[in-house]
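Everything below concerns the one structure shown next.
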Amino acid sequence: MTTRLHATVDGPDGAPVLVLGSSLGTTGQLWRPQLGALTERFRVIRYDHAGHGGSAPPSAPYTIAGLGADLLALLDDLGLRRVSYAGLSLGGMLGMWLAAYAPERVERLALLCTSALLGPPEGWRERAGTVRRDGTGAIADAVVGRWFTPAFAATRPEVVSTYRAMLTTTPAEGYAACCEAIGAMDLRPDLSRIVAPTLVVAGADDPATPVPHAEVIAGLIPGARLRLVESAAHLANVEQPETVTRLLLDHLAPDGGGDGRP
Ligand SMILES: O=C(O)CC1=CCC(=O)O1
C-alpha cells in the first residue's frame, strides 16, 4: 500500500516536467533557490517524502522500494508518463531507484549529494531510535552541522535556521522510517540498468555523502558525468545556488528545455 504524497506544481502548463526530490528532514522547500530559474524552462513538481512536509507518514516499515512506489503512484496520479528528475541525498536515492526500476519514466536524471550505499545500518537504526524517543530536535545540531560548511554557517545564520526549522518540524515517525529505509539500502547492483543521461553532483566539502560516494555512482551508471561543487557541504544547492542551478539547467535543458509547444 502506497502513501499519498504531497506535491506542489509551479511553472508553465505544457512545459517539460521536472520532478524534484528533497533530502531526509527537508521538504520541497529545499529547492527554493532553484525554483525561479527552473520554472522558466520546466513545469516543476516538488514532492515531500512520506512523513515529511505535507505527506502522511508511512503505514508500515519503509524501504527505498516503498518510497519509490509512492513516487510512481504520484506520477500516475498526475498523469505523467515520462519526466526529468533531480534529487538531493534521499531524493537522489529515489532518483536512482526510479531510473533503474522504471527506466521508461525518466527522460534525464540529476543526482546531487547522494549515495547508493550509506551505511552502516546500525547507525541509521540508532538515529531512528533517538528520533522516535526524543524527536528530530535531538539530532539537529549534528545533522545541520553536515548540511553547511562552517564558513557558510558563520556568514548566513538566517539561512541555516530556516533549514534547521524544516528538520525540527519533520514528524519523528516520518524521519525515523526514512532513516531505516536508507540504512537497508544498497542500490549499487541496480545502477548499470539506468539509461537516462545522468549528471552526478557532489559538494566538495560534504561530510554526509562524501565525494567518493558520487564517484561510485558515476562509475556504475553508464555514461554518467560527475561534477564537484567547491565550497559546499551537503545542501550544495543552498550553499552554492547559482553553480548548482547552472549545472542542472545545462544537463536537464541542454536545448533550452523546450517551450512546451507540440
Ligand atoms: O542526514 C544526513 O546525515 C544526511 C543525509 C543522508 C540522506 C539524506 O537525505 O540526508
Side-chain angles (χ1 to χ4, degrees), residues 5 19-31 46-53 55 58 62-64 66-68 70-71 85-98 110-132 134-149 152-153 160 163-172 174-188 200-214 216-217 229 232-239 244:
L5 300 182
V19 177
L20 299 176
S22 48
S23 66
L24 178 66
T26 70
T27 68
Q29 293 295 332
L30 172 68
W31 296 101
R46 291 176 292 155
Y47 74 94
D48 297 336
H49 301 294
H52 285 61
S55 294
Y62 248 41
T63 60
I64 293 296
L67 290 161
D70 294 345
L71 176 55
Y85 182 98
L88 188 142
S89 202
L90 176 58
M93 296 166 193
L94 268 298
M96 288 183 262
W97 185 92
L98 185 69
L111 306 169
L112 291 77
C113 307
T114 191
S115 174
L117 174 72
L118 195 58
E122 318 75 83
W124 288 102
R125 284 197 293 270
E126 195 181 313
R127 198 195 296 195
T130 302
V131 165
R132 282 199 178 97
D134 301 326
T136 43
I139 48 120
D141 284 347
V143 169
V144 177
R146 295 189 288 268
W147 280 359
F148 304 105
T149 63
F152 183 85
V160 175
Y163 284 85
R164 185 190 171 96
M166 238 182 261
L167 171 63
T168 55
T169 54
T170 300
Y175 189 95
C178 287
C179 286
E180 288 162 346
I182 293 168
M185 170 195 75
D186 184 358
L187 289 165
R188 292 173 304 172
V200 183
V201 175
D205 306 313
D206 180 1
T209 52
V211 173
H213 290 243
V216 168
I217 295 169
V229 179
H234 194 52
L235 299 192
N237 73 307
V238 178
E239 190 157 355
V244 170

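Indexing begins at 1, ligand by ligand and atom by atom, following the structure's order.
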Contact atoms of ligand 1, heavy-atom distance to [X] under 4.0 Å:
X      : result
Arg146 : 3 (O)
Ala208 : 4 (C)
Ile182 : 7 (C)
Ser23  : 9 (O)
Trp124 : 6 (C)
Leu118 : 6 (C)

Report summary line: Between the CG atom in Leu112 and the OG1 atom in Thr209, the distance rounded to the nearest 0.5 Å is 9.5 Å

Query raised in the report: Got a donor-acceptor contact below 3.5 angstrom from the His213 side chain to the Val211 backbone?
Result: no

**Report entry** Test item: Asn237 side-chain N/O and Leu30 main-chain N/O as donor-acceptor pair under 3.5 Å
**Finding:** yes

**Report entry** Between His49 and Ser55: side-chain donor-acceptor atoms closer than 3.5 Å
**Finding:** no

Query raised in the report: Would you say the side-chain atoms of Ser23 and His234 include a donor-acceptor pair closer than 3.5 Å?
Result: no

Requested in this report: Could you tell me the residue and atom name of the protein heavy atom closest to atom 3 (O) of ligand 1, and the distance to it rounded to 0.1 Å?
Outcome: Arg127 NH2, 2.8 Å

Query raised in the report: Starting from atom 10 (O) of ligand 1, which protein heavy atom do you reach first, and at what distance in Å?
Result: Ser89 OG, 2.9 Å

Query raised in the report: Purely on distance, is any nitrogen or oxygen of Leu90 under 3.5 Å from one on ligand 1?
Result: yes

**Report entry** Derivation of the salt bridge (charged side-chain N to carboxylate O under 4.0 Å, His left out) call for Arg146 and Asp206
**Finding:** CA-CA 7 Å; Arg146 295 189 288 268; Asp206 180 1; over 6 Å; no

Query - Aromatic plane relationship, Tyr163 with Phe148 - under 30° parallel, 30 to 60° tilted, over 60° perpendicular - result: perpendicular

